[in-house]
Peer 1: 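Mind looking over this structure? Questions follow.
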Amino acid sequence: MKSEDTPFEGGPMDGRVLPVLVGMTGHPPKTYRIPVPAPDGGPPTVLVYRRVPRDRGRVGMARWKYAYDPTGKKGARRKWPWSKPDSAPGGKPDDADG
């Protein structure tokens with residue numbers, strides 16, 4: 001598999017450059033998750049970085065970098081008319097005020 005040296009900005013990985021595997025299209029993944037083990041043996045903390053464009057190297061060649069996402073939520077997904085909403089409305093089912 002092919003890899004590309006990709007810089008990281010923000011968060012604990014700021015300033016580091018890591019080799020990231022690229023897909024068949026030559027692009028790295030849209031999100032890069034880094035599990036960091038907890039010092040007390042608890043559940044690991046996951047650092048989330050999102051792929052963003054950086055300055056263009058050669059003409060027509062998109063170059064990428066990863067920017068830190070402190071929220072760590074899932075990326076935007078497709079909004080189909082038949083998709084369920086992200087969150088259920090509050091209140092009880094029989095409550096008229098919501």
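We use all heavy atoms of the structure for the numbers below, so side chains are in, but hydrogens, waters and symmetry mates are not.
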Peer 1: Can you tell me how far CG of Leu21 sits from OG1 of Thr6, rounded to the nearest 0.5 angstrom?
Peer 2: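 Answer rounded to 0.5 Å: 9.5 Å.
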Peer 1: Of all heavy-atom pairs between Pro12 and Leu47, which one has the smallest distance, and what is that distance?
Peer 2: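 Looks like CG-CD1, 3.8 Å.
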Peer 1: Does one hydrophobic cluster hold both Met24 and Val20, with members joined at side-chain heavy-atom distances below 4.5 Å?
Peer 2: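 They do not share one cluster, since no chain of ILVMFWY contacts under 4.5 Å joins Met24 to Val20.
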Peer 1: Could you check whether the rings of Phe8 and Tyr32 sit parallel, tilted or perpendicular, using 30° and 60° as the cut-offs?
Peer 2: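 Correct class here is perpendicular.
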Peer 1: Let me confirm one number: the CZ-CG distance from Arg51 to Asp69, rounded to the nearest 0.5 Å.
Peer 2: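 With rounding to 0.5 Å, CZ (Arg51) is 14.5 Å from CG (Asp69).
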Peer 1: Would you check if Asp14 and Glu9 make a side-chain contact, meaning some heavy-atom pair closer than 4.5 Å?
Peer 2: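 Yes, side chains in contact.
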Peer 1: Taking the side chain as every heavy atom from C-beta outward, state whether Thr45 and Pro35 have any pair of such atoms under 4.5 Å apart.
Peer 2: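 Not touching, per the 4.5 Å side-chain cut-off.
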Peer 1: Under the side chain to side chain contact (heavy atoms under 4.5 Å, CB included) criterion, do Val52 and Lys65 qualify, and how do the steps go?
Peer 2: CA-CA 6 Å; Val52 294; Lys65 65 182 175 183; 3.5 Å; yes
Peer 1: I'd like to check Pro7 versus Arg54 (side-chain heavy atoms, cut-off strictly below 4.5 Å). Are they in contact?
Peer 2: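 Sidechains of Arg54 and Pro7: in contact.
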Peer 1: Please confirm whether the backbone N or O of Tyr66 pairs with a side-chain atom of Arg50, one donor and one acceptor, at under 3.5 Å?
Peer 2: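 A pair under 3.5 Å: no.
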Peer 1: Check the pair Val46, Arg33 against side chain to side chain contact (heavy atoms under 4.5 Å, CB included), reporting the backbone distance first and the verdict last.
Peer 2: CA-CA 6 Å; Val46 178; Arg33 299 178 187 281; 3.9 Å; yes
Peer 1: Under the side-chain hydrogen bond (donor to acceptor under 3.5 Å, both in side chains) test, which residues partner Thr25, sequence neighbours left out?
Peer 2: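 If we apply the side-chain hydrogen bond (donor to acceptor under 3.5 Å, both in side chains) test to Thr25, skipping adjacent residues, there are no hits.
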Peer 1: Begin from the C-alpha positions of His27 and Trp64 and carry the test side chain to side chain contact (heavy atoms under 4.5 Å, CB included) through to its verdict.
Peer 2: CA-CA 8 Å; His27 300 295; Trp64 303 100; 2.9 Å; yes
Peer 1: Counting only N and O atoms by type, is there a donor-acceptor contact under 3.5 Å from the side chain of Tyr49 to the main-chain atoms of Met13?
Peer 2: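 A pair under 3.5 Å: yes.
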Peer 1: Arg63 vs Glu4, test: side chain to side chain contact (heavy atoms under 4.5 Å, CB included). Steps then yes/no.
Peer 2: CA-CA 10 Å; Arg63 304 289 299 193; Glu4 178 179 317; 4.1 Å; yes
Peer 1: Heavy-atom distance under 4.5 Å between the side chains of Pro19 and Asp5, does that happen here?
Peer 2: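 A side-chain contact under 4.5 Å exists here.
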